[in-house]
Protein chains: 2
Amino acid sequence: MRYPGDMPEDPAPALPAGLEESLSWLLAGSFRAHLAAMREVLGDLPHGSRGFEALCGAAHGSARNQAELAKQLGVDRTVMVYLVDDLERAGLVERLADPRDRRSKLIRATEAGHERLRALQERTATVEAELLSDLSPAEQELLRSLLRRVASRGAGYDLAHACTKDEC
Amino acid sequence: MRYPGDMPEDPAPALPAGLEESLSWLLAGSFRAHLAAMREVLGDLPHGSRGFEALCGAAHGSARNQAELAKQLGVDRTVMVYLVDDLERAGLVERLADPRDRRSKLIRATEAGHERLRALQERTATVEAELLSDLSPAEQELLRSLLRRVASRGAGYDLAHACTKDEC
DNA sequence: CAAGAATGTCTGTCTCACAGATTATTTGTC
DNA sequence: GACAAATAATCTGTGAGACAGACATTCTTG
């Protein structure tokens, strides 16, 4: 865990000149920072940040089946297989038969999954708070709101090959 | 309530309930959206979005050497090798000997690199404008500003293994 | 009932990131 | 000046992960 005063003495490259105005880099940089901050918190959770989002979705029942959850997470359907496999093996989620469609499987968080998620969310909240600590509470909420609108608009894009190869 | 003319083009998963408040998902979603939007614009540019940022950094001389550019881009030093290799092979950047330190190599954009970058920036601006079209100009600038502060704070984190494995 | 679409899964393949070692050069220490 | 340690770039090998394509099952639509 790193604390505010605990910055690496490293002659920090800080923000790269000329890139700081590029939305490309701003999003990548923020995303990377968040990812790095989450890493230690998530610990041995299968598939790290993505596993966290999947568990989150499973707990909230945000998707009817595996395919829809995959779309929400922005991953390929074949990736979803071993993602859920590993979460299931860890006892955090379970595949339930959908009574309405025997092809579908409902992905739901187990009791242990809910418990784990709650514990993780406590700690991720701390991490996020630190990451956003330069922003006032109002600005933090504003940032979420703006990102939500951007992400919402981007939800319609073709996400094939969107995620993994680059930075991520 | 749905009306006759109100066609459900795609049963759009839209925003996943329960995830939309998670900064984790908001950043990932926005980042993915931007990545997807940029893909077609960048075309055959080596290494896509990351190559674009590298070219940008090379053009602005934001880094003294290859290692520092790698830090700014958030990539491993060994990754930087073939990233620059490919950009160099495409004639967009060049490795110059640093007169002050013969170990270092300055990564600079060639004439063709500047040209290509300028052309790309025109088109990426269009794409970004569309991605942000739900936001007013003031909000767009606000978003950039907020992200800059987040990314800036996150610049000090340990970025090892930050990027690739998870979405991105 | 037949044809087609959707869901989840499996297999094979291929790209990519990372650890570790290597070479060349610089910096620090005595 | 001589030596050790640190740093920059590179190369090799390996492993993880993403994707295309095919498949079995089930639903939907004509």
Side-chain angles (χ1 to χ4, degrees), chain A residues 9-11 13 28 32 35-36 39 44 46-51 54 58 63-89 93-108 158-168, chain B residues 10-11 13 32 35-36 39 46-51 54 58 63-89 93-107 158-168:
Chain A
E9 56 295 318
D10 197 318
R32 267 198 310 271
L35 227 47
R39 174 150 296 106
D44 63 341
H47 299 268
S49 188
R50 175 177 294 169
R64 292 187 312 280
N65 55 28
Q66 197 167 307
E68 188 170 298
L69 187 53
K71 272 189 186 174
Q72 292 178 352
L73 299 182
V75 304
D76 190 81
R77 66 192 186 292
T78 63
V79 169
M80 202 62 191
V81 175
Y82 53 81
L83 174 51
V84 174
D85 276 353
D86 295 342
L87 288 174
E88 195 174 33
R89 194 170 298 121
V93 306
E94 52 188 352
R95 288 178 165 97
L96 297 178
D98 182 347
R100 296 186 162 190
D101 188 337
R102 285 191 290 181
R103 294 170 302 178
S104 292
K105 293 180 182 170
L106 307 170
I107 310 300
R108 277 188 37 194
D158 176 25
L159 292 181
H161 318 117
C163 205
T164 314
K165 199 164 43 180
D166 299 308
E167 67 298 27
C168 289
Chain B
D10 190 332
R32 267 198 311 269
L35 227 47
R39 174 150 295 108
H47 296 87
S49 187
R50 175 176 296 171
R64 292 187 313 279
N65 53 29
Q66 197 167 305
E68 188 170 299
L69 187 54
K71 271 189 188 177
Q72 291 177 354
L73 299 183
V75 304
D76 189 82
R77 67 194 186 291
T78 63
V79 170
M80 203 62 192
V81 175
Y82 53 81
L83 174 51
V84 174
D85 276 353
D86 296 341
L87 288 174
E88 195 175 34
R89 193 170 298 121
V93 306
E94 53 188 350
R95 288 177 165 97
L96 297 178
D98 182 348
R100 297 184 159 190
D101 187 337
R102 286 190 291 181
R103 294 170 304 178
S104 290
K105 292 179 182 171
L106 305 170
I107 310 300
D158 175 27
L159 292 181
H161 319 115
C163 205
T164 315
K165 198 162 45 177
D166 300 308
E167 58 272 38
C168 313

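Quick note: numbers below take in every heavy atom, side chains included, and nothing from hydrogens, waters or symmetry partners. Chain identifiers are assigned alphabetically (A, B, ...) following the order of the sequence lines, protein sequences preceding nucleic acid strands; residue numbering begins at 1 within each chain.
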- Close side-chain approach of A:E88 to A:I107, heavy-atom, < 4.5 Å: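 They are not in contact (no side-chain heavy atoms under 4.5 Å apart), so the answer is no.
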- Query: If you check the B:A67 side chain, which of C:dA17, D:dA8, C:dT9 turns out closest?
  - Reply: D:dA8
[X] [atom1] to [N] [atom2], straight-line distance once rounded to whole Å:
X	N	atom1	atom2	value
A:Q66	D:dT26	CD	P	16 Å
B:D86	C:dT15	CG	C1'	12 Å
A:L69	C:dT9	CG	P	12 Å
B:N65	D:dT10	CG	C1'	14 Å
B:L83	D:dA9	CG	C1'	14 Å
A:M80	C:dG8	CE	C1'	12 Å
B:D85	D:dT12	CG	P	12 Å
A:D76	C:dC10	CG	P	15 Å

How long is the span from the [atom1] atom in [X] to the [atom2] atom in [Y], to the nearest 0.5 Å?
X	Y	atom1	atom2	answer
B:L106	B:R95	CG	CZ	12.0 Å
A:M80	A:K71	CE	NZ	13.0 Å
B:D98	B:S104	CG	OG	5.0 Å
B:L96	B:K105	CG	NZ	10.5 Å
B:S49	B:L35	OG	CG	5.0 Å

- So what does A:V81 touch, heavy atoms closer than 4.0 Å: a base, only the sugar-phosphate, or nothing? base
- Query: If only side-chain N and O atoms of B:Y82 are considered, is one of them under 4.0 Å from the OP1 or OP2 phosphate oxygen of C:dT15?
  - Reply: no
- Query: Does OP1 or OP2 of C:dC10 have a side-chain N or O of A:R77 closer than 4.0 Å?
  - Reply: no
- Note on the structure: Contact check, residues 97-104 of chain A vs DNA chain C, heavy-atom distance under 4.0 Å, returns A:R103, A:S104
- Item | Axis deviation across the helix from C:dC1-D:dG30 to C:dC30-D:dG1, five-pair ends, to the nearest 10° |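 Roughly 30° between the end axes, to the nearest 10°.
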- Carboxylate-amine/guanidinium contact B:D101 B:R103, below 4.0 Å: yes
- Message: Quick one: does any side-chain atom of B:R39 pair with a main-chain N or O of B:G48 as donor and acceptor, under 3.5 Å?
- Response: no
- Query: Considering all heavy atoms of both residues, which atom of A:D86 and which atom of A:R89 are nearest to each other, and what is their separation?
  - Reply: OD1-NH1, 2.8 Å
